[in-house]
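What follows is a single structure, written as structure tokens, with notes after it.
Sequence positions, counted from 1, serve as the residue numbers for this chain. In listed order, ligands and their atoms are each counted from 1. Remember, it's a predicted structure, so these values are computed and weren't measured experimentally.
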Amino acid sequence: MKKWCKKTGLLCLLFATALVLCSCQKPSDIKKEASAWAYDTFCSVTVYGYNGEDLQAYFETQLQEGQMLFSPDAQGRVFAQTDGQVLAFQNMREARLMEMAWQLSSWTDGAFDLTVAPLSALWNVSGADRPPEEQAIADALSLVGYQTVACTEEALRFSHVGQGLDLGAFGKGNGGDLVADRLQTGGALGGMVDLGGNITLFGSKPDGSLFRIGVRDPADDGGGVLGILNLTDTSVVTSGGYERYFEYEGVRYHHILDPRTGWPAESDLLSATVVCSDGALADMLSTACFLLGEERALALLQTVNASDKWDNAQAILVLRTGEVVVTSGLSQRFSLTSSAYRLKESPL
Ligand code: ADP
Ligand code: MG
């Protein structure tokens with residue numbers, strides 16, 4: 001009986017201590033999570049110190065707002081219905097995105113091309129089971145070419161009916177920026193927005209530590225990581241041929257297309273991860289770097305970083321050889337965890 005009393009007393013004490021601890025939890029420590037399907041992928045958010053309206057509803061509204069930019073079709077494309085059709089920008093965000101996408105199309109000589117829509121729609125990689133006919137590829141390619149659209153601060157003007165804009169290479173990066181901006185303005189102290197692997201980070205975790213982000217091992221279909229990045233207040237975006245693809249007669253056909261050939265891009269890279277405080281730019285650059293291959297990708301990053309118009313961008317390039325190039329701005333932030341890879345010195 002005595003023993004039982006002692007035990008009960010101890011339990012009561014523990015319970016009371018737990019209650020006191022719970023009630024002492026600072027608002028900045030409170031963690032909230034939400035998830036939703038958007039951009040044809042699984043999206044989630046983890047936020048600390050958020051005290052606003054229902055997070056789930058708020059997250060869904062912000063995701064929807066991001067997807068409304070340029071009023072695209074369900075696949076994230078906008079097509080010209082007439083020759084000379086003008087797409088007037090509805091806000092600063094649209095104008096800035098188009099300026100950035102046009103500039104990158106030009107800097108990459110059209111390897112990255114904002115007008116790739118007719119070709120990407122033809123391939124329809126998410127739904128197809130075989131590659132298109134050569135003639136259909138040639139027809140689609142005749143409508144692709146960033147030089148044939150005129151881009152000003154106010155609008156984009158297509159030349160021909162059937163030309164189109166593809167938002168796939170930067171929609172999620174932009175969406176992550178939008179959600180993170182709104183949460184921060186709404187008073188959240190820190191958080192991570194994950195739109196299908198496009199990560200946007202802001203503020204800090206309650207213990208002050210940085211966010212740990214795994215960089216996918218592109219050769220591991222099981223989703224393993226090859227290294228870890230420790231970061232905050234930036235976006236981390238990876239492009240690779242392993243993300244979306246179909247297989248036909250034993251060959252994989254992925255969703256990043258080379259406008260010079262009309263076929264899925266082949267370079268010396270397995271993946272390109274870009275870190276940049278502008279999430280849309282990180283997203284565009286990851287696609288562009290993957291398309292260009294190691295040497296031209298590093299030259300592109302140098303061009304971007306030399307321009308005072310755009311935010312600084314750093315990268316992790318995973319080569320087919322198993323080497324990993326980490327640009328200097330990330331060397332202190334990245335640790336290689338897989339023994340299947342080795343670091344290669346970066347000239348940047
Ligand atoms: P994910 O969408 O898997 O995150 P990316 O950000 O690399 O991958 O974007 C791939 C998307 O970009 C494709 O699904 C397509 O919509 C678009 N795209 C494909 N090829 C090109 C290209 N050469 N230039 C610009 N956009 C492209
Ligand atoms: Mg991208």
Side-chain angles (χ1 to χ4, degrees), residues 38-43 66-67 70 72-79 97-98 100-128 137 140-141 143-147 149 163-177 194-200 216 218 223 235-246 253-267 269-276 278-293 296-297 300 313 315 317-318:
Y39 297 97
D40 198 24
T41 190
F42 179 75
C43 302
Q67 289 176 103
F70 306 103
D73 63 18
Q75 284 72 42
R77 303 188 185 99
V78 184
F79 285 101
L97 280 173
M98 279 304 95
M100 207 182 262
W102 202 93
Q103 180 66 79
L104 275 191
S105 301
S106 163
W107 275 338
T108 62
D109 289 326
F112 177 95
D113 194 314
L114 78 163
T115 69
V116 79
L119 185 66
S120 57
L122 174 71
W123 274 86
N124 179 29
V125 167
S126 302
I137 292 178
L141 275 181
L143 292 166
V144 176
Y146 73 96
Q147 313 92 325
V149 297
Q163 279 190 310
L165 191 63
D166 190 322
L167 311 176
F170 53 90
K172 280 178 283 176
N174 175 65
D177 279 349
D194 181 347
L195 308 189
N198 283 237
I199 311 281
T200 306
R216 269 276 299 270
S235 285
V236 188
V237 183
T238 300
S239 287
Y242 60 85
E243 287 183 69
R244 277 173 202 255
Y245 60 86
F246 65 85
Y253 296 92
H254 65 75
H255 69 323
I256 302 177
L257 303 166
D258 186 341
R260 292 160 297 194
T261 62
W263 287 75
E266 287 283 337
S267 75
L269 298 182
L270 289 176
S271 74
T273 297
V274 173
V275 175
C276 176
D278 184 321
L281 182 58
D283 200 355
M284 284 185 208
L285 280 173
S286 70
T287 311
C289 287
F290 177 76
L291 278 152
L292 291 175
R296 291 184 64 204
L300 173 66
L317 307 177
V318 181

Applying the side chain to side chain donor-acceptor pair (under 3.5 Å) criterion to S235, which one of N198, T200, D278, D283 satisfies it? T200
Is there a side-chain contact between F246 and V125 in this structure, where contact means two heavy atoms from C-beta onward sitting under 4.5 Å apart? yes
Nearest protein heavy-atom contact for atom 20 (N) of ligand 1: which residue, which atom, what distance? L257 N, 3.0 Å
Closest to atom 11 (C) of ligand 1 among protein heavy atoms sits G168 C, 3.7 Å
Could you list the atoms of ligand 1 found under 4.0 angstrom from a heavy atom of P259? 23 (N)
Are any non-hydrogen side-chain atoms of Q67 and Y39 less than 4.5 angstrom apart? yes
Assess, by modelled atom type and distance only, whether the side chains of T238 and R216 contain a donor and an acceptor separated by less than 3.5 Å. no
Nearest 0.5 Å, what's the CG-CZ distance between D73 and F79? 6.5 Å
Do you know how many protein N, O or S atoms are within a distance smaller than 2.8 Å of the Mg ion (ligand 2)? 4
When you measure from atom 7 (O) of ligand 1 to every protein heavy atom, which one gives the shortest distance, and what is it? S239 OG, 2.6 Å
With backbone taken as N, CA, C and O and side chain as the heavy atoms from C-beta onward, which portion of L119 lies under 4.0 Å from ligand 1: side chain, backbone, both, or neither? neither
Starting from atom 18 (N) of ligand 1, which protein heavy atom do you reach first, and at what distance in Å? V116 CG1, 3.9 Å
What residue and atom, counting heavy atoms only, is the protein's closest point to atom 15 (C) of ligand 1, and at what distance? D166 OD2, 3.6 Å
Selection from D113, L195, L104, L114 by shortest heavy-atom distance to atom 25 (C) of ligand 1: D113
Students should be able to answer this: which protein heavy-atom is nearest to atom 6 (O) of ligand 1, and at what distance? D283 OD1, 2.9 Å
Would you sort out whether L165 and M98 count as a side chain to side chain contact (heavy atoms under 4.5 Å, CB included), showing the intermediate values? CA-CA 10 Å; L165 191 63; M98 279 304 95; 3.7 Å; yes
Below a 4.0 angstrom heavy-atom separation, can you tell me which part of H255, side chain or backbone, both or neither, approaches ligand 1? both
Run through T273, V236, V275 and flag the one making a side-chain contact (heavy atoms from CB on, under 4.5 Å) with I199. V236
Do any nitrogen or oxygen atoms of T287 lie less than 3.5 angstrom from nitrogen or oxygen atoms of ligand 1? yes
What about E243: any of its N or O atoms under 3.5 Å from an N or O on ligand 1? yes
With ring-ring contact (aromatic ring centres under 6.0 Å, His included) as the test, pick out the partner of Y146 among W107, F112, W102. W102
Contact (N/O only, under 3.5 Å) between A169 and ligand 1: yes
Can you tell me if A111 contacts ligand 1 (heavy atom of the residue under 4.0 Å from the ligand)? yes
Nearest to atom 1 (P) of ligand 1 by heavy atom, Q75, K172, R244, R260: which? K172
Please report the C-alpha distance between L300 and L104 in whole Å, then the side-chain angles of each, then the deciding distance to 0.1 Å, and finally whether the side chain to side chain contact (heavy atoms under 4.5 Å, CB included) criterion is met. CA-CA 9 Å; L300 173 66; L104 275 191; 4.0 Å; yes
Test F290 against H254 for side chain to side chain contact (heavy atoms under 4.5 Å, CB included), laying out the working first. CA-CA 12 Å; F290 177 76; H254 65 75; 3.7 Å; yes
Could you walk me through whether L97 and M284 pass the side chain to side chain contact (heavy atoms under 4.5 Å, CB included) test, one step at a time? CA-CA 10 Å; L97 280 173; M284 284 185 208; 4.1 Å; yes
Does R244 reach the side chain of T41, with side-chain heavy atoms less than 4.5 Å apart? yes
Are L270 and Y242 side-chain neighbours, meaning at least one heavy-atom pair lies under 4.5 Å? no
